[in-house]
Amino acid sequence: MLIRILCLIAAGILVSGCSGPQSVLASHPMQFPCPQFADYITEYDHRSFADIQKYAEGPPTNSVGQFGEDLLLSGNDTATVERVAAQAAAPVKMLILSGGGQWGAFGAGFLNAQAPADRNFDVVTGVSTGAIQALFVGANQYERMQYLYGLPEGNPASANGMIGLISKGSQHDLSALRKMLRDELYGRGKDSLLTAILDGKGARNIRIAMVEGRSNNLMIVDLSGYIRAKHPLGTDRSGLSEKDVGDCVTGLVLASSAIPLRLTPVQIDIGDENGLKGDFRTFMDGGVRLSIIDRQFAQLSEDIYLMQLCSPLGAANECTLENLKKAEKSGLIEATPPSIYVVRNGPTVVPKSSLDAHIDTDPDAYVTAMRGYAILVNQNEVASIGEMQARYPYDSLNVVSADGYNWMSGQQVTWGVSHTFPCPERDEGVYFDKAFMECLIAFGHWRKANYDADNNGWQQLAPLIDEPQGLAEEGPVLPSEAALKRAEKYLPAR
């Protein structure tokens, strides 16, 4: 314990006494060039705070920010809208994957336990470990995802220790995880993730989130759009190689996972339409702002739903709210609203650990800081789900979490090796604990089969509001005039 305290004191002295690139505390970030990437990143839409924040930096303007125009409805989104809307009355399925580090093993096991027909997701979003999972969902490679979360090749994070935290800027080094992601993205030939994503074998639309260090803004990354445009077999014929695209995507996923102080910092040169700019920006774990992201993608789903509602009207009828109400009364339209599925990679309670006892018996600076970190992370995760419920007050959300991993006493589950719950206490000194993660995978399978089994293991959270005021008891939920205005690009001229 004394060593921890001395290290923390030394860190404080070094931070206060040194600055700039020559600092003794200089970190050793991983750097990734992402040529021609600027058009595939945009700020997260915090619309609920827009009225408050519009005066934060001066008079409001129509500026779209430093990363170019808002890609809320990009070309890739247009393809998704047209493809899904063409399927009569088919609801859009949106999968939202949270952060959670090694807890991602639970989500990997749970999703792989689903039948292939139940995994037809159109849109997938991910933060941190969820960003890694999103790649495999986009490639429709669930079994491979589960296999890798079982750590068949050893721990992908090597410990730097407390001294390494001071000298390297992080407790753990992710060089091995970087190699694994590169191999998966473009090192397995026809089975590589890039090839499968390019072919549209899984979720058509893949987005992840990360925080830009210099601005503290949560940024949304259009992974599928970049891959399908910039890959050598993509639409842009941009001159980039598969390695160029794969290395960039590797960096973006690692940036989404780069927990400050715990994991290797990540810097990315996002370039512009002409190439790289020699401007490496530091990005970090998106989970420090939000554990789950849905805002932009909910609008995408709404636009698909609008096309499904409007198409039966025919070209002769404008898609107005008035005409939709007439069609509803006549039984002409029967489209189903979007379905939302949320995987909480971890429990919704602060996991018990050795820190629980230490906070009372030996509350040194390290123990107190780590306990505070665990509480803040948990609050962020729970609040993210609560915020989502508030955005969809009339809808049932399909949610699953790892709650119960530690109390299913006596239940025997086999995945590779047999596990009897409760899962073993994870090793706090190891960032990826193989035995703990194998048990989480097994628990994901058990959860699917034994808890809310009639809904494939998904728990449906009841709507906060029973019924939208003024809507018919039967029939589809109709859009607002604002939604129709936003989706004009898909609809007949009004």
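For this chain, numbers begin at 1 and follow the sequence in order. In what follows, every heavy atom counts, from backbone to side chain, and hydrogens, waters and symmetry copies are set aside.
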Between the side chains of Asp118 and Lys448, is the shortest nitrogen-to-carboxylate-oxygen separation below 4.0 Å, so that they form an ion pair? no
Any side-chain to backbone donor/acceptor pair from Lys93 onto Ile340? Under 3.5 Å, distance only. no
Check: Pro29 and Thr282 side chains under 4.5 Å, non-hydrogen atoms: no
Please confirm whether the backbone N or O of Asn345 pairs with a side-chain atom of Ser98, one donor and one acceptor, at under 3.5 Å? yes
Determine whether more than 12 heavy atoms belonging to other residues, nucleotides or ligands lie under 6.0 Å from atom CD of Glu153. no
Got a sec, which pairs hit ring-ring contact (aromatic ring centres under 6.0 Å, His included) with one end in residues 221-258, sequence neighbours left out? Phe37-Tyr226, Tyr40-Tyr226
For Asn112, does its backbone N or O pair with a side-chain atom of Arg119 as donor and acceptor, under 3.5 Å? yes
First locate atom CG of Leu95, then atom CG of Asn205, and finally report the distance between them rounded to the nearest 0.5 Å. 12.0 Å
Could you tell me whether the side chain of Val430 reaches within less than 4.5 Å of the side chain of Phe436, counting heavy atoms only? no
Using side chain to side chain donor-acceptor pair (under 3.5 Å), reason through Thr125 and Arg207 one step at a time and then give a plain yes or no. CA-CA 5 Å; Thr125 76; Arg207 302 293 175 92; over 6 Å; no
Are Arg447 and Asp452 within salt-bridge range, i.e. N to O under 4.0 Å? yes
Mind checking whether Tyr405 and Phe106 have ring centres under 6.0 Å apart? no
Quick one: are Lys230 and Asp244 in side-chain contact, heavy atoms under 4.5 Å? no
Pairwise side-chain contact, Arg188 with Gln141, heavy-atom cut-off 4.5 Å (strictly under): yes
Below 4.5 Å, heavy atoms only, C-beta onward: do Glu43 and Met219 meet side chain to side chain? yes
If you take all heavy atoms of Met30 and Leu254, which pair is closest and at what distance? CE-CD1, 3.7 Å
Determine the sole option in Ile206, Val137, Asn140 for which the side chain to side chain contact (heavy atoms under 4.5 Å, CB included) test with Ile197 is passed. Ile206
Has Gln133 got a side-chain atom pairing as donor or acceptor with Gly104's backbone, closer than 3.5 angstrom? yes
Short question: side chain of Arg144, backbone of Leu193 - any donor-acceptor pair under 3.5 Å? no
State whether the side chain of Gln114 and the backbone N or O of Asn456 hold a donor-acceptor pair below 3.5 Å, judged by distance alone. yes
Is it true that a side-chain atom of Thr195 and a backbone atom of Asp191 form a donor plus acceptor pair closer than 3.5 Å? no
Rounded to the nearest 0.5 Å, how far does CG of Leu174 lie from OG of Ser257? 8.0 Å
To the closest 0.5 Å, what do you measure between CD (Glu184) and OG (Ser192)? 8.0 Å
Please step through side chain to side chain contact (heavy atoms under 4.5 Å, CB included) for the pair Asp285 and Val127, ending with a clear verdict. CA-CA 8 Å; Asp285 186 359; Val127 177; 4.2 Å; yes
Is Leu397 close to Trp458 at the side-chain level, that is, under 4.5 Å between some pair of heavy atoms? no
Closest contact, heavy atoms only, Gly99 versus Thr129: C-CG2, 3.7 Å
Donor-acceptor contact present, side-chain Arg178 to main-chain Leu181, <3.5 Å: no
side-chain contact (heavy atoms from CB on, under 4.5 Å) partners of Lys243, counting only residues at least two apart: Arg182, Tyr186, Ser241, Asp247
For side chain to side chain contact (heavy atoms under 4.5 Å, CB included), just list the numbers for Leu111 and Leu97, CA-CA rounded to whole Å, side-chain angles, deciding distance to a tenth of an Å, and then say yes or no. CA-CA 11 Å; Leu111 290 171; Leu97 302 167; 4.0 Å; yes
4.5 Å side-chain heavy-atom contact, Leu135 and Val249: yes
List the steps and the verdict of side chain to side chain donor-acceptor pair (under 3.5 Å) for Asp236 and Ser238. CA-CA 5 Å; Asp236 283 7; Ser238 59; 5.9 Å; no
Got a donor-acceptor contact below 3.5 angstrom from the Asn217 side chain to the Glu212 backbone? no
Distance in Å, Asp269 CG paired with Arg281 CZ, rounded so as to fall on 0.5 Å steps: 8.5 Å
Taking all atoms of both residues into account, what is the closest heavy-atom pair of Ala203 and Val124, and its distance? CB-CG1, 3.7 Å
Taking the ring of Tyr149 and the ring of Trp103, is the distance between their centroids below 6.0 Å? no
Exam field: side chain Ser401 to backbone Asp403, donor-acceptor pair closer than 3.5 Å: yes
Contact summary for Ala209 and Ser256, nearest pair of heavy atoms: O-OG, 2.6 Å
So Leu177 and Tyr431, do their side chains get closer than 4.5 Å, heavy atoms only? no
What heavy-atom pair brings Phe283 and Ala255 nearest, and what distance separates the two atoms? CB-CB, 3.8 Å
Where do Ala105 and Ile441 come nearest, in terms of heavy atoms and distance? O-CG1, 3.3 Å
